[in-house]
Every structure is written in C-alpha cells, then in structure tokens.
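Order of listing sets the numbers, starting from 1, for every ligand and every atom in it. For this chain, numbers begin at 1 and follow the sequence in order.
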Amino acid sequence: MKKEQRNSAWGLATQAIRTGHRRTAEGEHSEPIFATSSFVFGSAAEAAARFSGDDPGNIYSRFTNPTVACFEQRLAAMEGGEACVATASGMSAILATCMGLLRTGDHILSSRSIFGSTTMLFNKYLSRFGIETSYAPSGNPEEWARSMRPETRVLFLETPSNPLTEVADIGALADLAHANGCLLVVDNCFCTPALQLPLALGADIVIHSATKYLDGQGRCLGGAVVGSAEQVGEEIYGVLRTGGATMSPFNAWVFLKGLETLQLRMRAHSQNAQALANWLESLPAVERVHYPGLESHPQHDLAARQQKAAGGICSFEIKGGQAAAWKLIDSLELLSITANLGDTKTTITHPASTTHGRLTPEEKAAAGIGDGLLRIAVGLEDFSDIQADLAQAFGKV
Ligand SMILES: *Cc1c(COP(=O)(O)O)cnc(C)c1O
C-alpha cells in the first residue's frame, strides 16, 4: 500500500487533484467509494482500542469514512485550514457550526443579505434556544462595529452576497471579531477556494454548500466546515458524529472529483459572467447591473484585492418591473428557470417572487430586491449562445 500523497507546498490545483487519497492494495488510480456503514476489527483488543480512541482507525461511517475523509482533507488543504468536516448539506454545515460554537445567551451578528434558509435557521430556530441574531449591511464595517454586543460570539458573513453581489471586507471584519473575542465565520459558497481564501484573510471558519460549485454539475447535496483542529476538528465534528448530519460516501466522491476541476471551472464561470455583465451594462432595457467585476460596482477595488476573479453570479434590474422580468424569463429557450446556482448550466431566477418571495415589501426594499431584479448564475455553455438566448428574449419584452 502506498503512502498518502500530501505536500503543503503544492499549489491549489495540485492540492485539488492529489491530496487525501490513500491508495489501497488494489492500486486504484481514481479514488474509490467506500460504500460501507461499518468497519471490521482484527480482534477484540483492536475493537476496544478503536472505541477508546487509542487506535484512530474507522469504526462506523457516521464517525469516519475513507471517501469522506479524502474529500475533507482535500478541501482543508485548498482552504488552508487544519481540519474539515463534511456534512449532509450546506445548511447542516451551518447548523453544526452554530451548535458547536454557541450557547444559550450568545448573539450572532450577520451580514444582512444571506441565504434565505440561513436567515430562517437564525431567526426561527436558534432563537428558540436563546441565541439571538441581528444584521448589518455587508459593505459597512462601521455599522458592524456599532452592532457588536457584549454577548456577541460569532460574526457571520456571505461575500459576495446573494443576489446583489455586495462585497464585504473579510480582513476588516476579522479584526473587529478578534478585537471583541469573537469568531468570524464566512460562507464561501459563491467564490470557493479557487477565487477566495477567507482563512488567509483572517476568518476563523469557512462554510460551504458543496451542492453548488464544489459539485459544479448540480447532482448532489452536501456541505463542509473548515477551520482549526480545535473548533472544527473537535467541537463541530463532535456535534456531527453525534447529531448524524454527515455526508454519504457517494456524495463525497462526487464532490472530491468536482474539486479536481474547480479552479478551471471557476475561471471559466467568471469569464462568462464578466462578458455577460459587460454586455448587459450596454443594453438600454437594463437599469443596472450588479457584478463585482464591473468598474461601476461600489466595491470593485475590494473585490479585486480579495478575490482572484469576480465569480459566476451576476444580477441586473430590467426596466418595466416584474412584468418585464417574467416576460424575459418566459421567453428564454436555453437558460434554465431554477433557483439553484453553481451548475455548468446557466440558470436564471426572479428573486422578488422566489428566493426572497416571503419578505415583506419593506424588507425587500431594505434588502434592495426590486421587482425588476433578475439573477443569473452563469454556466459554462458558449458565451455566444447564452448571449443569443438573452438577446432574443429581450427582443420579446
Ligand atoms: C445553497 C446555499 C446554502 C445552503 O446549502 P444547501 O446545500 O442547499 O443546504 C448556504 N449558503 C449559500 C450561500 C448557498 O447558496
């Protein structure tokens, strides 16, 4: 059996392709799927040593599984973290992080425009256990500082935000967190380690919905948490192995194969999205385009410092409100009408009536979700085909 290949000096692409695989006696080249719920011990004494923790080997796949461990080690290496735990979905990654780090009476300070289910988790469910959440706008560190409370324990951030692609200064918010004895948790779903490394910028914990770009082809649900050996490897892992929202070996295999092409895909998503944003900005039917790669974006310089590219998500406001937005969507032939993102296939969604449909008119206005706003998660089709489909649809509005 060959030793696992691992080298912390490797670049990101090499980490994504090589880290974590311990080749078995069969000499397989591609990583195997260990489809087994439990593991066999050589003797009663070995079983006892596994359960006591003296022998770190596998016991049961809710605790550890070699395929899942391969994905975890690979993503940890890419994000530059000591430890990674894989979870059943992005939401279970956020839930396990909160359960691992917070107690009754603690306060979360979060960026305002975050994933809808995350808002629901914070406001409806964590509040039942005496954990309160308040919100601050991504682009305004002074307001974050003013919103800190003595009981604040976690700062939670998505950057760029969904759907308006507001960019938050990770380094500034990490300094604020640490000056107040708090942790900065960053949901790195939109950028992935291929474009942004929150831990290197000062964040303590990175969260992923692997469902999106890590898979990249819209097949499986999964998530991950990356950070220190103590917080992630002990506290959050402890919640998961007990609570059970772990990743299946098959899904781990899909994601770890996805990681191998992540850097190439994120570069291509960003190229297509930049071309789309440039073109949309030139159209008279378009009021405004939101994309960090545009010079008109309010945090264009910050995004250029913090990210390797501007990412695959672009949103824009069409003139004519909801009627025009829906007409455009319904006239499309190639683009898919779905709220998912991070797929090779380009998707379009109308946030005001879908992902943000439950907000009151006042909440929508505060979050900047207008009736004419459309979000495109730009895929990897030929840009000319994406553009041609949108152009013919604009012609029908
Ligand atoms: C999709 C998403 C999540 C939740 O992930 P699931 O895998 O759907 O549970 C969390 N954060 C962001 C930014 C997302 O886009």
Side-chain angles (χ1 to χ4, degrees), residues 68 71 75 79 84-99 108 110-126 133 135 138 154-168 170 185-196 198 203 205-226 236 240 243-248 250-252 254-255 258-259 262 266 269 273 290 292 307 311-315 338-343 347-349 351 354-356 367 369 375-379:
V68 177
F71 166 74
L75 185 61
E79 288 283 4
C84 171
V85 293
T87 60
S89 67
M91 286 318 302
S92 51
I94 299 173
L95 175 64
T97 300
C98 293
M99 287 188 71
I108 303 170
S110 169
S111 53
R112 187 161 284 144
S113 18
I114 54 171
F115 189 65
S117 299
T118 311
T119 312
M120 189 74 99
L121 175 69
F122 290 169
N123 293 353
K124 183 169 176 189
Y125 295 105
L126 291 185
T133 306
Y135 298 88
S138 331
V154 158
L155 271 58
F156 186 92
L157 185 64
E158 266 178 40
T159 178
S161 74
N162 179 22
L164 295 178
T165 72
E166 294 158 287
V167 178
I170 295 175
V185 177
V186 176
D187 182 332
N188 202 23
C189 174
F190 271 34
C191 276
T192 82
L195 302 187
Q196 173 171 279
I205 288 179
V206 165
I207 284 182
H208 274 288
S209 167
T211 314
K212 313 294 168 51
Y213 289 109
L214 303 193
D215 175 348
Q217 295 174 58
R219 298 164 293 193
C220 291
L221 244 70
V225 188
V226 187
I236 297 169
L240 273 167
T246 44
M247 181 180 280
S248 83
F250 177 79
N251 287 9
V254 170
F255 296 135
L259 289 178
L262 182 67
M266 291 313 291
H269 279 292
H290 306 271
Q307 303 174 203
I313 310 293
C314 169
S315 59
T338 163
N340 196 28
L341 62 96
D343 199 310
T347 67
I348 188 163
T349 177
T354 58
T355 51
H356 296 67
I369 311 294
R375 187 198 73 190
I376 298 188
V378 187

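Note: His269 and Tyr213 have perpendicular aromatic rings, judged against thresholds of 30 and 60 degrees for the angle between ring planes.
Across Ala339 and Arg375, no two heavy atoms sit closer than the pair O-NH2, 2.8 Å.
Thr159 is linked by a side chain to side chain donor-acceptor pair (under 3.5 Å) to nothing, counting only residues two or more places apart in sequence or in another chain.
Using a 4.5 Å heavy-atom cutoff, the side chains of Cys314 and Thr165 are not in contact.
Donor-acceptor pairing under 3.5 Å is lacking for the side chains of Ser161 and Ser138.
When atom types are taken as modelled, the side chain of Asp215 and the backbone of Val254 share no donor-acceptor pair closer than 3.5 angstrom.
The contact shell of ligand 1, taken as protein residues with any non-hydrogen atom closer than 4.0 angstrom, comprises Ser89, Gly90, Met91, Phe115, Glu158, Asp187, Cys189, Ser209, Thr211, Lys212, Gly222.
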